[in-house]
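Following: one structure in structure tokens, then a few remarks.
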There are 2 protein chains.
Amino acid sequence: MGITIQEASRRSGLSAHTLRYYERIGLIHEVERDPSGHRAYTEADLAWLDFLTRLRSTGMPIADMCRYAELRRRGPETTAERRRILEAHRERVRTRIARLTEDLGILDYKIDFYATTEAR
Amino acid sequence: MGITIQEASRRSGLSAHTLRYYERIGLIHEVERDPSGHRAYTEADLAWLDFLTRLRSTGMPIADMCRYAELRRRGPETTAERRRILEAHRERVRTRIARLTEDLGILDYKIDFYATTEAR
DNA sequence: GCTTGACTTCGAGCGCGCTCTAAGCGGCAA
DNA sequence: TTGCCGCTTAGAGCGCGCTCGAAGTCAAGC
């Protein structure tokens with residue numbers, strides 16, 4: 001028996017609404033149904049959802065994720081392109097981390113300044 | 001003589017529209033005007049805008065930035081509270097970087113996997 | 001004097017990523 | 001049987017952060 005949408009929601013951290021939305025826009029294939037028409041997720045679905053949430057949390061736009069998902073559905077002959085997409089994305093994430101780290105330094109500086117100002 | 005909005009835009013990386021918007025919502029005080037009513041920014045304004053863009057790029061919501069800006073206008077007796085806001089924000093940024101770094105590892109793993117799959 | 005162009009205000013509009021609603025169905029417990 | 005709950009669909013609505021548009025003013029150049 002499959003995993004209910006509530007359980008999938010709990011384990012993925014995505015709301016049931018969002019899970020249906022992701023399916024509607026093709027981020028995830030059409031999920032299996034139980035006899036009464038309710039969605040029945042598999043462990044593989046959850047693994048894919050987990051990967052999707054990582055792409056999202058690293059700032060990949062939904063449209064790009066859709067493109068990636070579409071390539072994945074097309075099968076193994078698209079692995080090179082998928083790899084290129086991930087490589088480009090990785091580069092953006094690295095840039096992002098670098099920028100955040102720099103800004104963190106500014107925050108440290110500012111906080112120190114306040115601390116010493118207060119101490120005076 | 002002051003800095004025009006176009007020049008402020010170029011130097012801050014924010015559009016002229018966004019500069020006016022930031023002023024409208026109180027992120028920046030009412031900017032000085034030249035005799036014909038055009039905005040004339042100062043170097044201090046630009047420094048503040050630069051700090052604002054760092055708060056934004058590190059993910060602080062506009063509403064929180066407004067609160068911070070308001071405290072700043074209220075003067076030196078609000079430094080302790082401003083420091084606390086920045087400290088809390090710094091913590092979120094650190095968490096953010098940690099999460100991004102973790103996700104970067106997943107990307108590396110996935111890319112390696114594609115690379116070895118293609119090589120076979 | 002007239003055009004041009006950059007500025008002004010302020011409200012409307014937009015793109016993204018959800019998030020919710022309305023209306024309906026299926027299954028179970030009392 | 002009735003009530004209830006959670007699921008279903010498709011489309012509408014929302015919050016955020018801009019972004020744009022319309023209508024008007026002003027200064028400079030021809």
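Lettering follows sequence order; numbering is per chain, from 1. Since the model is a prediction, treat every value here as computed from it, not as a measurement. Worth knowing before you read on, the calculation uses all heavy atoms, side chains too, and leaves out hydrogens, waters and symmetry mates.
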- Message: Both B:R24 and B:E7 contact DNA chain C. Which one's nearest nucleotide lies toward the 5' end?
- Response: B:E7

- Between A:P61 and B:I5, whichever has its closest DNA chain C nucleotide further toward 5' is B:I5

- Task: Would you please confirm or rule out a distance under 4.0 Å between OP1 or OP2 of C:dA6 and any side-chain N or O of B:Q6?
- Result: no

- Task: Using a strict 4.0 Å threshold on nitrogen-to-oxygen distance, state whether B:E7 and B:R10 make a salt bridge.
- Result: yes

- Query: Can you tell me if the side-chain N/O atoms of A:R39 get under 4.0 Å from OP1 or OP2 in D:dT8?
  - Reply: yes

- Length of the CG-C1' vector between A:L19 and D:dA10, whole Å: 17 Å

- Nearest whole angstrom, please: distance from the P of C:dC7 to the CD of B:E23. 14 Å

- Item | Whether B:Y68 and B:F51 hold their rings parallel, tilted or perpendicular, with breakpoints at 30° and 60° | tilted

- Query: From the list C:dG17, C:dA6, D:dG17, which nucleotide is the closest neighbour of the side chain of B:R56?
  - Reply: D:dG17

- Does the distance from a Lys or Arg side-chain N to an Asp or Glu carboxylate O, for A:R84 and A:E87, drop under 4.0 Å? no

- Task: Starting from P on C:dG24, measure out to NE2 on A:H38 and report it in whole angstrom.
- Result: 17 Å

- Item | Under-4.0 Å salt bridge between A:E70 and A:R67 | no

- Query: Given C:dC25, is OP1 or OP2 found less than 4.0 Å from the side-chain N or O atoms of A:R33?
  - Reply: no

- Item | D:dC20 phosphate, OP1 or OP2, under 4.0 Å from B:R20 side-chain N/O | no

- Message: For a quick test of reading the model: is some side-chain N or O of A:Y22 closer than 4.0 Å to OP1 or OP2 of C:dC18?
- Response: yes

